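Some notes on the structure that comes next.
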Number of protein chains: 2
Amino acid sequence: MEPVTESAPVRPEDIAALRRFNRYFTRRIGALDDHYLGQDRPLGEARLLFEIGDGASLRELRARLALDAGYLSRMAKALEAQGLVRLTVPPHDTRLRLIELTAAGRAEVEEQHRRADALATGLLTTLTAPQRTELTHALATTQRLLRLAAITVAPVDGAAEDARACLDAYAADIDARFPEGFDKTDLVRPEEVTGEAGAFFVAYEEGRPVACGALRTLEPGVGEIRHVWVHPDARRLGLARRILTELELAAAAHDFAVVRLDTHATLTEAQAMYRACGYTEIPAYVDHVYASHWFEKRLAGAR
Amino acid sequence: MEPVTESAPVRPEDIAALRRFNRYFTRRIGALDDHYLGQDRPLGEARLLFEIGDGASLRELRARLALDAGYLSRMAKALEAQGLVRLTVPPHDTRLRLIELTAAGRAEVEEQHRRADALATGLLTTLTAPQRTELTHALATTQRLLRLAAITVAPVDGAAEDARACLDAYAADIDARFPEGFDKTDLVRPEEVTGEAGAFFVAYEEGRPVACGALRTLEPGVGEIRHVWVHPDARRLGLARRILTELELAAAAHDFAVVRLDTHATLTEAQAMYRACGYTEIPAYVDHVYASHWFEKRLAGAR
DNA sequence: ATATTTCTTTGACTTTAGTCAAAGGAGTCG
DNA sequence: CGACTCCTTTGACTAAAGTCAAAGAAATAT
C-alpha cells in the first residue's frame, strides 16, 4: 500500500516563497549562527558538544547526528583530551560508552548559548516591541506548518511495532486522563484494521511515530474511526485532522457509506474538530465507559 | 557618533522563539537543501556556480561569498576545466576576470533549480491549499521582519559617499516620478545636515545603503525633515518609519521643539505614515514645486 | 615617472570532514 | 557453548575547505 492522500497541485508562488525564504534564511541567519557558535572549535565538535546535553551514549549520538562510528569515536576522544567531556562505561552493557559534559564542557556549552542569545538579541533590538511580537507569531506559524509538512502519514499493519507503540501511548494517555481509566482489551485488534476489515495509519516525524488512527468495520457498510491519537510534542499542528482525512479516504476505499466515532465529554477541541470536518452528533451506537458523544459522517466518495 | 535608537529590552520569549526556529530550520531544511543541491559536486563549487548568475567578476564573487582569493581562483579554474564556465578579461581593466556560465553551466544551474523546486514541492504537497497559503504569508512576514531587523541605521556625514549615493537615487526617483521633475540644487547641502545644524542618516542592509533621511534647521527651534527615501528593493519593510524615528530622536537631541516636512500629493502612503506617526497637516511653510502637503509634529522629548 | 594599490595566480600548507574495513571485546539467542 | 550481532576503536585513507604569503601584471594616485 502507498499513501492515499490526494492533493491539489502545488502553486508555483508557494514554491517560490519557500525557496526565497530558504535562501535568505540560510545565507543570512544560519551561516551567522554556525560561525559564531563554533568560534575556535571545529563545527563538528561544537555540534557534538551541544548535543550531549545531560549525557548520552555514543550510540545515541551516532544515530541522532548520523555520524560515522569512527569519526564520532575520534571526536569524543578529542573532546575528552580537551577536558570537556568524560567517557564512562555503563555497567549494564560494557560495550557502550556514555559521554557527559565536565564542568568545563558545561561552561563551554553555556558560552555557546550565551553567544546564540546575544546574536538573537542583537537582531531583535532594532525591532519595535509590536514587530517582535509579530515576528514571534510568524516564526511559530512557519515552524508549525513546516513541521506538519515534514510529517508523513503511512498505512501500517496493526500489529507492527510502531502501531503498538502508538496504541500503548494512546491507552496510557486515556488511562491517565480519565477517572474511568482505560481497559487495554478495548483497543482494536490487529486483524480488525487490516485488509478488507479496516486500516491503520501512523504519522512519522523524522522517523518517529507521532500520531495514529484506526478504522475498523462496525457493521456492513459502516466504518468506525478509533484511537485517533497525537503525541504530546506534536499537538496543535493540525495532525489529527490529517489522520482523520486519511482514515476517511481509506473508509471510502473500503466502500463504507458512513463512518462513526465516539469521544469523551471533556475533549471539547476534538469535538469541535469533528464538527468542523463534517461530522454530526448522533445517539450512542455503542457503549464505552469513557465515551459520551457519538458522531457520524456520510462519505461522498464511496465507490 | 553612535546610533541613537533607544528600545525596550528584548523579551526572553522572543529570543527563545527565534532560536528555536533557527535551530529547527537549519537542522531540518537548510541541511537538506545543501545536500540535494550539491549532489556530485563539492558544495563550494555548487554555490559558486549558483552565484555567478548572468556573469560577474571574481572580485564581486569574492566579496559576496567572502572567499579567499586563492581558493576562489582555483575553484573558478576547476569549473572552467569542467566546461561549466568561461573566464574572460574585461577590456576596461585587465586585472579583473569575468566569469560567466557556458551552456553546460547554465544547464547545471537549471538542474539545481529543478532539484530545489522538487524539494520544496515535496514539502508542500502534504499541506492543504489553505495551509500552503498560510505558510507563504508567514514566510513573507518572517522574512520581512528579519530583513528589517538586520538593517542598521547610522548617522553619516552629509558629504559621505553613501549619503550622496542615496540623495542621487532620491533625486532620480523624484525626477522620474513627477512631471515637475526635480532640481538637484534643491537637495540639502552637507553643511546643513552636520553637527549643530542637522543630521543625516543612512540605513544599511548587508553593507549597502538602502535608505536615508535628512534633518536640517528650518528656523531656530524648528527642524525640517527632508529626503526620506527608501531603495525600491527595501520598500514595504517599515524602513521609512524607522528613519523617521531616528530623525525625530536627532531633532529632540538638537533641541528642536517642532519638526516639519512636506510631501507630494500622490504619495498617499507617505502621508498616511506621517499621520500615523503623530504628524498633523499644516499650511505651506515653504514653497517647493513638488510639495503639496505640509506636516508638523511637536516633539515631546526636547531637552 | 614613480610609488602605491588592486586583483589574480601559484605554491605550499593545514585543518576539517568524512569513509571504509579490520579487529576485538561484550552481549544475546538458540 | 558457540554462533551471531552489537558497539567501539584503530589504521589508513581521501576529498574538501580554507589559509598564507609571494609574485606579477595592471591600474591609480602623487
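Chain naming here is simple, since letters A, B, ... match the order of the sequence lines and numbering starts at 1 in each. This one's a predicted model, so the numbers in the text were calculated from it and none came from an experiment.
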Quick one: salt bridge (charged side-chain N to carboxylate O under 4.0 Å, His left out) partners of K184(B), sequence neighbours excluded?
D168(B)

Consider the side chain of R97(A), meaning its heavy atoms from C-beta on, and name the nucleotide among dT10(C), dT9(D), dT8(C) that approaches it most closely.
dT9(D)

Return a table of donor-acceptor pairs under 3.5 angstrom between the side chains of residues 185-192 of chain B and protein atoms on other chains or two or more places apart.
unit_1, atom_1, unit_2, atom_2, d
T185(B), OG1, D183(B), OD1, 3.1
T185(B), OG1, D183(B), OD2, 2.8
D186(B), OD2, R226(B), NH2, 3.3
D186(B), OD2, Y290(B), OH, 3.0
R189(B), NH1, E191(B), OE2, 3.1
E192(B), OE1, R189(B), N, 2.7
E192(B), OE2, R216(B), NH1, 2.7

B/S/- along nucleotides 11-21 of chain C (protein heavy atoms under 4.0 Å) is BB---SSSBB-

By side-chain hydrogen bond (donor to acceptor under 3.5 Å, both in side chains), R106(A) pairs with (sequence neighbours left out) none

Inter- and intrachain pairs under salt bridge (Lys or Arg N to Asp or Glu O under 4.0 Å), touching residues 79-99 of chain B, at least two apart:
R86(B)-E100(B), D93(B)-R95(B)

Interface with DNA chain D, restricted to residues 80-89 of chain B and to heavy atoms under 4.0 Å
none

Which residues share a side-chain hydrogen bond (donor to acceptor under 3.5 Å, both in side chains) with E205(B), sequence neighbours left out
R147(B)

Give me, pair by pair, the N or O atoms of the protein and of nucleotides 22-26 of chain D that are less than 3.5 Å apart, along with how far apart they are.
unit_1, atom_1, unit_2, atom_2, d
dA26(D), O3', T94(B), OG1, 2.4

For R235(B), what residues pass the salt bridge (charged side-chain N to carboxylate O under 4.0 Å, His left out) criterion, not counting sequence neighbours?
D173(B)

Applying salt bridge (charged side-chain N to carboxylate O under 4.0 Å, His left out) to D117(B) and not counting sequence neighbours gives R19(A)

Apply salt bridge (charged side-chain N to carboxylate O under 4.0 Å, His left out) to D162(B) and list each qualifying residue two or more places apart in sequence or on a separate chain.
none

Please report, to 0.1 Å, the donor-acceptor pairs under 3.5 Å made by any side chain of residues 59-68 of chain B, with sequence neighbours excluded.
unit_1, atom_1, unit_2, atom_2, d
E60(B), OE2, S57(B), N, 3.3
R64(B), NE, E51(B), OE1, 2.9
R64(B), NH2, E51(B), O, 2.6
R64(B), NH2, E51(B), OE1, 3.3
D68(B), OD2, G70(B), N, 2.9
D68(B), OD2, Y71(B), N, 3.1

